[in-house]
Chemist: 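Handing you a structure now.
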Amino acid sequence: MPIRLRLTVWYSVMFVAAALLLSATSWWMLRRTIDSTIRQDLQERIDDVRMQLQKSPPDASVMELRAALEATYSYRDDGKWLQVMRQDGIWIYRSRRMMQENVALAVPSGRPSGAVQIDFRQGGRTVRALFSKVSANGAGYSVETGMSMTKAQLLLHQFGLCLLLMTPAVLLIAAVSGHFLSRKALLPVAAIAYEARRITDRNLDSRLPVLESNDELAHLSITLNHMLARIDSSFRSVREFTANASHELRSPLTRIRTEAEVALFRPRSAVDYERSLAQIHEDAVDMSKLIDDLLTLARAEAGSDVLRMVPVDPEALIQEIANEWSGIVERLSIWLIVAAREGTSIEPLMVLADRTALIRLLRIWLDNACKATPPGGSITLRCESAEQFVVLAVEDTGIGIASNEQERIFKRFYRVDHEEAGQRRGAGLGLSLAAWIAEQHKTRITVKSEPGKGASFQISLRKAGVPANGSWAFKADAIHADVDGKVARRTLQS
Ligand code: ADP
């Protein structure tokens with residue numbers, strides 16, 4: 001059922017229900033008012049009779065009393081239903097209609113003290129009568145006075161009829177106004193839907209109209225606009241990602257192609273072919289690394305690359321990494337220092353991590369540190385226990401990162417142009433991958449750096465087991481700890 005029709009039906013049902021309730025309440029209130037007015041009238045008549053009896057002399061006979069009452073009531077409508085009996089059972093007065101009805105009247109002593117009301121039918125009409133006992137001039141009397149309910153019933157009947165006749169009219173008004181109101185209320189929704197239909201992937205920068213009413217629909221437009229902004233930014237980043245990836249892949253491909261074309265241009269010596277092949281191989285390795293990074297990022301984006309967390313010994317891990325990188329740093333004439341705990345009896349530190357991902361993160365840091373550190377500088381691989389955490393860090397004494405760059409370096413394809421470094425350049429994907437790995441380990445990378453003095457990248461991983469009992473000292477395969485606790489270094493090259 002369309003929402004407009006539903007609103008109309010709801011509106012009509014509510015409106016009619018409210019109208020019916022109002023009608024029933026008004027009818028009931030009118031009836032109550034009539035009832036209490038009649039009762040008051042009857043009570044006033046009984047009081048009137050009492051005053052008539054009171055006015056008569058105390059020693060007046062039955063005949064005198066009857067004559068006095070007849071003189072007052074026989075010509076008045078009020079006397080149509082009236083009968084008065086004295087306490088000794090003698091009728092003082094009985095109107096003709098009461099005689100026809102011949103309603104018995106108990107003597108005052110046999111009556112309850114309060115007034116009693118009854119309804120009876122006479123001829124075609126309903127009569128309401130009130131019995132009460134009164135006392136006048138020392139004598140007790142039972143008085144019954146009645147009143148025709150015809151007028152009151154007619155009034156009630158006509159009022160009820162009017163209300164019933166009004167119901168279809170109310171229903172019609174409710175349906176028509178419900179239809180118009182729902183139409184008016186849904187017009188902005190139609191406008192929003194119309195605008196939303198016009199938005200495609202080509203004009204994601206368009207926004208839906210926001211009503212000035214500041215109501216729910218305005219909030220809906222604002223929410224949808226925020227959603228559009230997010231989709232727009234995701235689309236942009238996907239487009240940028242594709243453009244950047246193509247751009248990054250083009251350079252090594254062009255180099256490979258040029259190298260091959262130059263080599264094939266004319267016959268060459270075996271040494272020349274070897275050199276060309278070596279160059280092509282290096283570019284192919286760069287490309288594989290780039291494609292690998294791109295794939296990992298794409299999978300991370302799609303959420304399909306889930307890391308498997310297992311207990312890992314971070315000290316053993318950095319030792320392994322140090323061994324892996326010792327040859328590389330040696331060629332670059334850089335010192336490699338491993339800073340970890342000393343002693344054989346200490347409990348191993350354990351963290352919950354994805355081993356492969358953690359190795360990848362350390363490799364990214366080390367690769368960057370090697371690129372940024374000039375020969376003679378040093379790189380420290382650090383593993384420390386800090387309360388419930390294990391801190392893993394790579395520190396270098398390289399060119400450092402300006403503070404305004406420290407946030408941006410985690411963006412994809414972002415590279416800082418270091419003229420002085422003169423090193424080979426990466427694609428700018430390493431740190432965004434590292435940030436994703438850290439995020440998967442529920443932590444963040446912290447960067448500390450001062451341009452010209454080096455940089456330090458670190459993460460804190462929650463310990464998996466019982467924390468180590470803690471006397472700390474540094475040990476290193478490639479370093480010695482001297483007596484002051486200062487770290488003495490020795491180059492791997494020497
Ligand atoms: P890439 O793969 O090109 O190295 P990254 O995302 O790993 O890209 O790093 C982004 C930028 O951050 C690099 O261009 C580099 O200039 C800067 N950077 C990263 N690590 C260091 C560091 N240890 N010292 C100085 N600059 C660094």
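When a ligand or atom number is given, it counts from 1 through the structure's own listing order. A quick note: this is a predicted structure, and the numbers were derived from the prediction, not measured.
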Chemist: Parallel, tilted or perpendicular, judged at 30° and 60°: which one describes the rings of Phe410 and Phe457?
Modeler: perpendicular
Chemist: Give a yes or no answer on whether the side chain of Ser449 reaches the backbone of Ile401 with a donor-acceptor pair at less than 3.5 Å.
Modeler: yes
Chemist: For Trp365 and ligand 1, answer yes if some heavy atom of the residue is under 4.0 Å from a ligand atom, otherwise no.
Modeler: no
Chemist: Drop me the distance from Leu163's CG to Phe159's CZ, to the nearest 0.5 angstrom.
Modeler: 4.5 Å
Chemist: Determine whether a donor-acceptor pair (N or O, by modelled atom type, separation under 3.5 Å) exists between the side chain of Asn203 and the backbone of Ser206.
Modeler: no
Chemist: Using heavy-atom distances, let me know which of Ile364, Asn368, Ile409 sits nearest atom 7 (O) of ligand 1.
Modeler: Asn368
Chemist: Please check this pair: side chain of Thr380 against backbone of Arg382, looking for a donor-acceptor N/O pair closer than 3.5 Å.
Modeler: no
Chemist: Between Ser276 and Arg268, is any side-chain donor less than 3.5 angstrom from a side-chain acceptor?
Modeler: no
Chemist: Answer with side chain, backbone, both or neither: which part of Ile401 has a heavy atom less than 4.0 angstrom from an atom of ligand 1?
Modeler: side chain
Chemist: At a non-hydrogen distance cut-off of under 4.0 Å, which region of Tyr414 contacts ligand 1 (side chain, backbone, both, or neither)?
Modeler: backbone
Chemist: Heavy atoms only, cut-off 4.0 Å: how does Asp396 contact ligand 1, side chain, backbone, both, or neither?
Modeler: side chain
Chemist: Check whether Asp396 reaches the backbone of Gly454 with its side chain - one donor and one acceptor, N or O, closer than 3.5 Å.
Modeler: no
Chemist: Under a 4.0 angstrom heavy-atom cut-off, which atoms of ligand 1 come close to Leu429?
Modeler: 2 (O), 6 (O), 8 (O)
Chemist: As an exercise, identify every atom of ligand 1 less than 4.0 angstrom from a heavy atom of Gly430.
Modeler: 2 (O), 5 (P), 6 (O), 7 (O), 8 (O)
Chemist: With heavy-atom distances below 4.0 Å as the criterion, list the atoms of ligand 1 near Ala372.
Modeler: 22 (C), 24 (N), 25 (C)
Chemist: With a heavy-atom distance limit of 4.0 Å, tell me whether Ala427 approaches ligand 1 through its side chain, its backbone, both, or neither.
Modeler: backbone
Chemist: Heavy-atom contact check, 4.0 Å cutoff: does Lys371 meet ligand 1?
Modeler: yes
Chemist: Counting N and O atoms only, with roles assigned by atom type, does the side chain of Ser182 sit under 3.5 Å from a partner on the main chain of His179, one being a donor and the other an acceptor?
Modeler: yes
Chemist: Do ligand 1 and Leu431 have nitrogen or oxygen atoms that lie under 3.5 Å from each other?
Modeler: yes
Chemist: For Glu240, is there an ion pair with Arg236 - N to carboxylate O distance below 4.0 angstrom?
Modeler: no
Chemist: Is Gly428 close enough to touch ligand 1? Criterion: a residue heavy atom under 4.0 Å from a ligand atom.
Modeler: yes
Chemist: Judging by distance only, is a nitrogen or oxygen of Ser432 under 3.5 angstrom from one on ligand 1?
Modeler: no
